[in-house]
Each structure stands twice: as C-alpha cells, then as structure tokens.
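Beneath this line is the structure, given in structure tokens, with notes to follow.
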There are 2 protein chains.
Amino acid sequence: MSARLSTAYTLTVGEVAAESGVAPSAVRFYEQHGVIRAERTSGDQRRFSADAACRIRVAKVAQRVGLTVREIAEVFAALPGNPAPEDWGRVAETLIREAEQRTAALRAYLSEMRSGERLCDL
Amino acid sequence: MSARLSTAYTLTVGEVAAESGVAPSAVRFYEQHGVIRAERTSGDQRRFSADAACRIRVAKVAQRVGLTVREIAEVFAALPGNPAPEDWGRVAETLIREAEQRTAALRAYLSEMRSGERLCDL
DNA sequence: TCTTGACTTCAACATATGTTGAAGGCCGAG
DNA sequence: CTCGGCCTTCAACATATGTTGAAGTCAAGA
C-alpha cells in the first residue's frame with residue numbers, strides 16, 4: 001500500500017539553505033513571506049519538508065522574470081501539503097504563462113512603438 | 001535636404017511625466033540613473049528631448065520582465081543622440097532577447113525539475 | 001550530562017525603486 | 001516687471017529584498 005504518507009518536516013534552516021544555495025537569513029525571509037512553510041520543534045526551531053529547497057530554487061528563477069516574492073507565494077499557495085507532480089505541473093504552467101504574458105506585453109509595446117511611426121524617434 | 005537636425009531638448013520634467021504617465025519624481029530618478037538624458041537651462045532646469053517619455057514607457061514594461069533600472073540604462077546606452085528607427089529596433093531586440101532568455105531559464109529549470117523525478121515532490 | 005555548533009528573535013544596515021515635503025529659484029503671461 | 005506655477009536640491013520616508021550582529025536557546029554527540 002503506498003498511500004502517500006503525510007509530509008515529514010525534518011530539515012533545518014541550515015540544511016534548506018545549503019540545498020537551495022541561499023543564505024539561512026533568506027530561508028527565514030522566504031518562510032516569513034509564504035514561499036515555504038515550516039513546522040516548529042518543541043524548542044521553537046523551524047523544520048522544513050523536502051520541497052522547501054526546490055520552492056526556493058524555483059522562486060529565484062521566477063524572480064528573474066519579474067515576479068515578486070508575494071506573487072510567487074500566491075502561486076505556490078495552490079500547492080497542497082504534499083504536492084504531487086501534477087500539482088507542480090500546474091504551478092509550472094502558471095509561472096511560465098505569467099512570464100510569457102509579460103514578455104508579450106514588452107513585445108507588443110515595442111512593436112506598437114515601431115509601427116506608430118515617430119512615437120519615439122524625433 | 002533633410003539632414004537630421006540635432007535633437008531639440010525642450011520638454012520639462014512635468015511634460016515628460018505627463019506624457020509618460022509617471023510622477024515627476026520618477027522622471028528625475030530615471031535621469032539620475034541614466035534611463036533618460038537631459039540638458040540644463042541657464043537656470044539649471046532640466047530639458048528633455050522627445051524620446052524621453054518613450055524611453056520611460058519602455059523602461060516600465062521592461063521592469064515587468066525583471067530588468068533592473070541599471071540594466072535598462074545599459075541597453076539604452078546603445079542609442080545615439082537622435083535615435084533612428086533602426087536604433088530602436090536593435091534596442092527592442094536586445095530587450096526581447098533578454099526577456100526570452102529569462103523565460104527560457106525558468107522553463108528549463110521547471111522542466112528539469114519534472115524530469116528528474118522526485119526533485120521537488122517528497 | 002555537558003558542550004558546542006546551529007538555532008531563535010530583534011534591530012540595524014544595505015540596495016533598489018521611488019514619493020513627499022521644505023525651502024528656495026526660474027520663467028512666461030499679463 | 002511682477003507673479004504664480006513649475007522648477008531646483010536635499011533629506012526623510014516607504015516598500016521590497018535581503019544580510020549582519022548581538023544576546024540568548026536548543027539539540028545531538030562524546
């Protein structure tokens with residue numbers, strides 16, 4: 001029976017930082033802003049599940065196409081507790097669609113500028 | 001003979017702001033950071049040429065695809081004093097290429113994540 | 001159990017991207 | 001020539017995205 005076990009929250013801040021290639025302070029920052037989620041130990045330390053590092057890596061690439069941390073957190077909010085590949089697939093599509101829309105807006109503005117002669121040139 | 005006259009710097013901060021849809025403070029900010037250029041009157045007031053508003057509009061759209069003001073200024077640095085449509089064409093291509101590269105990086109990372117099973121899911 | 005490295009919070013600092021307000025100067029219409 | 005509106009600079013504030021350091025706590029191995 002491979003019923004999906006509920007997610008294990010075992011990784012420390014330092015481990016997620018090392019895995020994702022960012023500073024521990026950034027890991028805390030992303031948690032504060034909803035990009036990743038944590039449980040707490042009885043001693044109040046954060047423990048992350050396995051997908052935390054991955055979320056952070058995706059977030060860093062998404063920031064490069066102009067998404068804010070808030071926007072990324074909103075997209076990730078669609079992910080259930082223990083995301084299946086299909087869940088990630090939907091997130092991936094959302095992110096790519098957004099990136100393409102923004103590129104399309106840039107392209108449209110530039111092309112409008114060129115067709116409407118003398119919008120930018122003297 | 002229509003030899004191109006050298007650019008006329010006649011527009012005030014307020015005029016450029018109104019034309020480009022940003023606040024006067026933003027116009028000054030963009031000038032400080034090299035997105036637009038100005039001459040000064042004998043009384044030290046800024047005077048912009050006709051392409052200033054257009055540069056700002058392009059800059060705003062480019063910011064949406066993740067380019068920083070510095071990066072945008074660098075791209076615009078390729079524009080000569082009185083840019084011809086071809087000059088804008090090259091700038092447009094540079095901006096779009098950059099946006100597409102960033103989207104491609106996002107796409108590549110997401111697809112790598114899905115093919116390398118269990119990178120993100122438990 | 002004890003130690004020590006990693007964790008906690010909080011505040012300050014840093015950079016990017018602007019906005020706002022004060023104090024004063026420029027300029028064009030009358 | 002004067003006056004009102006727009007311009008100037010500068011400093012402070014604001015938000016986003018983090019980093020750093022201090023002071024103190026937790027947890028895992030010897």
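Protein chains get the first letters and strands the later ones, always in sequence-line order, with residue 1 at the start of each. Source: prediction; values computed, not measured.
Salt bridge status for R102(A) with E71(A): present, with a side-chain N to carboxylate O gap under 4.0 Å. Between E93(B) and R114(A), no side-chain nitrogen of the basic residue sits less than 4.0 Å from a carboxylate oxygen of the acidic one, so the salt-bridge criterion is not met.
At whole-Å resolution of the value, CZ in R64(B) and P in dT17(C) are 15 Å apart. When the C1' atom of dA16(C) is taken as reference, atom NE2 of H33(B) falls 8 Å away, rounded to whole Å. Atom CD of E31(B) and atom P of dT17(C) are 16 Å apart (whole Å). Atom CD1 in I72(A) sits about 14 Å away from atom P in dA16(D), given to the nearest Å. One can place CD of Q32(B) at 12 Å from P of dA11(D), the figure rounded to the nearest angstrom. The CD atom of E15(B) sits 17 Å away from the P atom of dG5(D) (whole-angstrom rounding). Summarising the geometry, the separation between CZ on R70(A) and C1' on dA16(D) is reported as 10 Å, rounded to the nearest angstrom. Summarising the geometry, the separation between CG on L11(A) and P on dA6(C) is reported as 16 Å, rounded to the nearest angstrom.
One distance of note links OH of Y9(A) with CZ of R47(A); it measures 13.5 Å at 0.5 Å rounding. Within the model, atoms OG1 of T94(A) and CD of E74(A) stand 12.0 Å from one another, a figure rounded to the nearest 0.5 Å. For the atom pair CG (L95(B)) and CG (L110(A)), the distance works out to 6.0 Å, reported to the nearest 0.5 Å.
One finds a side-chain N or O of T12(B) lying less than 4.0 angstrom from the OP1 or OP2 phosphate oxygen of dC7(D). Contact annotation: K60(A) side-chain N/O to dG18(D) OP1/OP2 distance is under 4.0 Å. Note on Y30(A): every side-chain N or O is 4.0 Å or more away from OP1 and OP2 of dT17(D). Within the 4.0 Å cut-off from OP1 or OP2 of dG18(D), at least one side-chain nitrogen or oxygen of Q63(A) is found.
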- What string of B, S and - do you get for nucleotides 19-30 of chain C, 5' to 3', if B is base contact, S is sugar-phosphate-only contact and - is no contact with any protein heavy atom under 4.0 Å? BB----BSS---

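The side chain of R40(A) sits closest to dT9(C) out of dC7(C), dG18(D), dT9(C). For V13(B), whose side chain is taken as the heavy atoms from C-beta onward, the closest listed nucleotide among dG18(C), dC7(D), dT8(C) is dC7(D).
In summary, of the residues considered (K60(A), R55(A), R37(A)), a side chain to side chain donor-acceptor pair (under 3.5 Å) with Y30(A) occurs for K60(A) alone.
For the pair W88(B) and P83(B), the tightest heavy-atom approach, listed with the atom from each and the gap, is NE1-CG, 3.6 Å.
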